[in-house]
Amino acid sequence: MKRSVWIPLMLSALLSACQLAPQGLDRSDNTLISYNRLAQADFDCRCQTVRLGGKVVRADALPHQTEVEVLSMAVDRFTAKPVLDSHSDGRFIAVLNGFVDPLSLQDQYITVKGTLDGKRSGKIDHANYAYPLIKADNYRIWRQVMEYYYDEEAWFDYRDSYRYGGFWGPFPSWKPRAALR
């Protein structure tokens with residue numbers, strides 16, 4: 001094949017490997033994407049667009065909407081997925097339009113994009129807590145899967161030990177890690 005055909009094929013293969021946020025969860029210039037950046041002025045204005053995510057703690061089905069209490073986690077800038085190994089910096093309540101079965105949300109991960117709509121007082125165990133309230137325009141439920149990968153350092157140890165006279169190191173093996181899809 002000619003070189004002029006290979007270049008577009010390689011570029012399309014590289015670009016298709018990139019992951020972007022699902023439609024509706026993409027980040028605009030004025031979208032807050034961090035829980036700890038919420039300021040008091042944002043609550044008073046009730047006009048700030050936010051994109052937050054985390055693990056669902058509790059969900060309540062109401063007549064025309066579903067309220068979801070979420071343990072906030074950092075959200076990846078490009079894919080909009082909650083970062084599993086990040087620490088939580090608080091909780092928020094997302095109000096989803098329509099009915100979503102609370103049992104289907106239990107222990108799932110979610111990303112929500114919507115408008116900050118004030119605060120709601122509540123309790124976490126015996127402590128008083130002010131939950132930021134988000135009226136969701138779009139949301140995505142992520143399922144947790146196990147991915148397996150080879151540890152590169154184990155391969156180098158195996159190759160070097162074989163080169164210098166035999167098998168001395170551990171044989172490289174698949175290692176599991178949790179991921180969201």
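Keep in mind that this is a model prediction, so the values were computed, not measured.
Counting only distance, with no hydrogens or angles, the side chain of Thr66 and the backbone of Asp60 share no donor-acceptor pair below 3.5 Å. The backbone N or O of Arg77 sits less than 3.5 Å from a side-chain atom of Arg51, completing a donor-acceptor pair. Under the 3.5 Å distance criterion, the side-chain polar atoms of Lys81 are matched with a main-chain donor or acceptor of Leu180. One N or O on the side chain of Asp76 and one on the backbone of Thr79 form a donor-acceptor pair closer than 3.5 Å.
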* To do: Would you sort out whether Phe92 and Leu71 count as a side-chain contact (heavy atoms from CB on, under 4.5 Å), showing the intermediate values?
  => CA-CA 7 Å; Phe92 64 91; Leu71 181 67; over 6 Å; no

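Under the 4.5 Å side-chain criterion, counting only non-hydrogen atoms from C-beta, Thr111 is not in contact with Leu52. By the 4.5 Å heavy-atom criterion applied to side chains, Met73 and Tyr109 are counted as neighbours. Residues Arg37 and Val50 fail the side-chain proximity criterion, which asks for heavy atoms closer than 4.5 Å. Residues Tyr35 and Val75 form no side-chain contact, since every pair of their non-hydrogen atoms from C-beta on lies 4.5 Å or further apart. When side chains are defined from C-beta on, Gln65 does not count as touching Leu96, because their heavy atoms never get closer than 4.5 Å. With a 4.5 Å cut-off on side-chain heavy atoms, Ile134 and Val95 do not count as touching. You'll find the side chain of Ile93 stays beyond 4.5 Å of the side chain of Val70, heavy atoms only. Residues Leu62 and Glu67 form a side-chain contact, since some pair of their non-hydrogen atoms from C-beta on lies under 4.5 Å apart.
Taken to the nearest 0.5 Å, the NZ atom of Lys119 stands 9.5 Å off from the OH atom of Tyr129. Separation of atoms CG (Leu116) and NZ (Lys135) is listed at 13.0 Å; rounding is to 0.5 Å. Note: Trp142 CH2 to Arg181 CZ = 11.5 Å, rounded to the nearest 0.5 Å. Interatomic distance, Ile141 CD1 to Ile110 CD1, rounded to the nearest 0.5 Å: 3.5 Å.
For the pair Gln144 and Ala178, the tightest heavy-atom approach, listed with the atom from each and the gap, is NE2-CB, 3.1 Å. Of all the heavy atoms in Pro102 and Ala59, the pair that sits closest is CB-O, 3.5 Å.
Ion pairing of Lys123 with Asp125 is absent here, as no side-chain N (NZ or NE/NH1/NH2) approaches a carboxylate O to less than 4.0 Å.
Sorted by first and then second residue, the side-chain hydrogen bond (donor to acceptor under 3.5 Å, both in side chains) pairs involving residues 83-99 (not counting sequence neighbours) are Glu69-Arg91, Ser72-Asp89.
Linking ILVMFWY side-chain heavy atoms closer than 4.5 Å, directly or via other members, places Phe99 and Val56 in two distinct hydrophobic clusters. Leu105 and Val57 sit in two unconnected hydrophobic clusters of ILVMFWY residues. Membership requires side-chain heavy atoms under 4.5 Å apart, directly or through other members.
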